[in-house]
Each structure stands twice: as C-alpha cells, then as structure tokens.
Amino acid sequence: MSKILYKSAEEIELIRESALLVSRTHAEVAKVIGPGVTTIELDRLAETFIRDNGGIPTFLNYGGFPYSLCISLNDQVVHGFPGNYVLQEGDLVSVDCGATLNGFVGDSAYTFAIGEVSDTVKKLMRVTKECLDLGVAKAVVGMRIGDIGYAIQEHAEKNGFGVVKELVGHGVGVKLHEKPEVPNYGKRGAGIKLEEGMVIAIEPMINAGRAGVKFWDDGWTVSTVDKKPSAHYEHTVAIGKGKPDILSTFEYVENVLKEKHNN
Ligand code: MG
Ligand code: MG
C-alpha cells in the first residue's frame, strides 16, 4: 500500500500549471467538437496542443492506454477509446484529459452535448456538474473523504440518477493515480481526514438510469448496464483551509462554448 503524497505549496503551484494546461486543452477541444467531427481528431489535437505547450499527455501509454484522451460516448461512462466514430446531433461526449508538465500531473474531465440533446441528458449534465461542485465544496481541512462522497451521492440520487461505484476519484499530482481513493458515495464523517498538502481528483460519474456498469473486452471502456447515458466532470483540487483550491478550471472551455452558442 502506497502512502498519501503530501505536496508543498510550491508543488501545488506546479500541479496548478499542469491542471491549467488540461483546462486549456478542453477549450481547444470545445473549439472544434460538433456534428461531423471524429473523436480521433479530438485526440490528435489534444496531443498536439499538450506537446506544443511543453507537456506530455499523461494518459498516453498509461497502463497501456493507447490515446491522449478518454472519449466516452452516450452510455459509455469513462475510459472510451477515440476512433472513427463521427459525432452527431444529440450525442453526449465525456472528454477526460491528463497532462504532465515539469513532472507534475493535472487531471480534469468535461462532458459536452453535441447540438441539441434530450431534456434527460440536459438534466444529467446539470446535476452531474452540481455533484462535482458539491463534492469540491467539501475539499477543506477537517472534512473527511466520506463527506465528499456523501454530498455527491445525495444530490445524484435525489434527482433519480445512479452513482457509479466501481470507479472513483483519487489523489493526484506526482502520479496520475495516488492515494487516497475518492469515492462518489459515502457516509458523512467517515473515512480519512482531509489535510493541507493533499491534492485530489474529484470526479462524479453519474448515470441517467441505474448505477450498474459493465467493463468491455477492450480492457478499458466502461458503459452503463441499462444503456442509458452517463456524464462525468472532474477537477483537480488542493485541500484548502476554509475553502478548496480548485487547480483546474472550466472557465476556458465554457467561454468557448458560450462564444460558439452566440454565433
Ligand atoms: Mg480524469
Ligand atoms: Mg481522474
């Protein structure tokens, strides 16, 4: 069992740089994502953008993962492969990205709607993002891991959605996956105490239907058992005193989406 790797203030600033590179990569994806675009094109542009900015795509070759982005469509939950699939109106696309810069890792995911999506999908996206915000709000000194999971689970289930239990958030920063595990479910006041120097990835994976998932024979892709859509948002967060320090941001990606919407 590995231990929690506590980070100095200087190291947290370096992780912020990496997380902001990931956030800018999501904005680059946002510029081109839409009907008629293949998911492999998004992967290529993300890899090029990360490398052009001095980074390394963390996911590429991680445990043998063959791409720079995990792109998970509709009923796929996470870890989907980019490929020749042509995006079409109504698709729901989760894009997960990691970047290593100066030896430090940032990790963030964003779920995109392609054109007009169903009301259920709109609600799923909104509630999953709210789950992330509620979980992040608990990432403060003195709270416990279970407080994060409880906040996420309570909000998702109150809205009639299923919380994926087989995959969890994680410590991050020196490596992509560090201790502790950060489940999207839990009990208030349970689990390890959150302390200064901890950096975690909080990443609710929320299903429109049942919570159950299945693992594909490709060794990576995870999808819902009932074939209903799933959404995924993720931030890299440093545990703060009084308030969380969110190291990634959705500001860049959402500015691009707003601008596209207005044109
Ligand atoms: Mg991720
Ligand atoms: Mg992650």
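Just so you know, ligand 1 is whichever comes first in the structure, and atom 1 is the first atom listed for that ligand.
- Ring-plane geometry between Tyr110 and His26 is classed as tilted, the angle between the planes lying from 30 to 60 degrees on a 0 to 90 degree scale.
- Of the possible donor and acceptor atoms, one in the side chain of Thr39 sits under 3.5 Å from a partner among the backbone N and O of Gly83.
- Judged as a side-chain contact (heavy atoms from CB on, under 4.5 Å), and not counting sequence neighbours, the contacts of Leu101 are Glu17, Ser18, Leu21.
- The number of protein N/O/S atoms found under 2.8 Å from the Mg ion (ligand 2) is 4.
- Asp147 and Lys187 are not joined by a salt bridge, as no carboxylate oxygen comes within less than 4.0 angstrom of a charged side-chain nitrogen.
- Between Arg126 and Glu130, at least one side-chain N (NZ, or NE/NH1/NH2) sits under 4.0 Å from a carboxylate O, which counts as a salt bridge.
- Ring pair His155/Phe161: centre-to-centre distance not below 6.0 Å.
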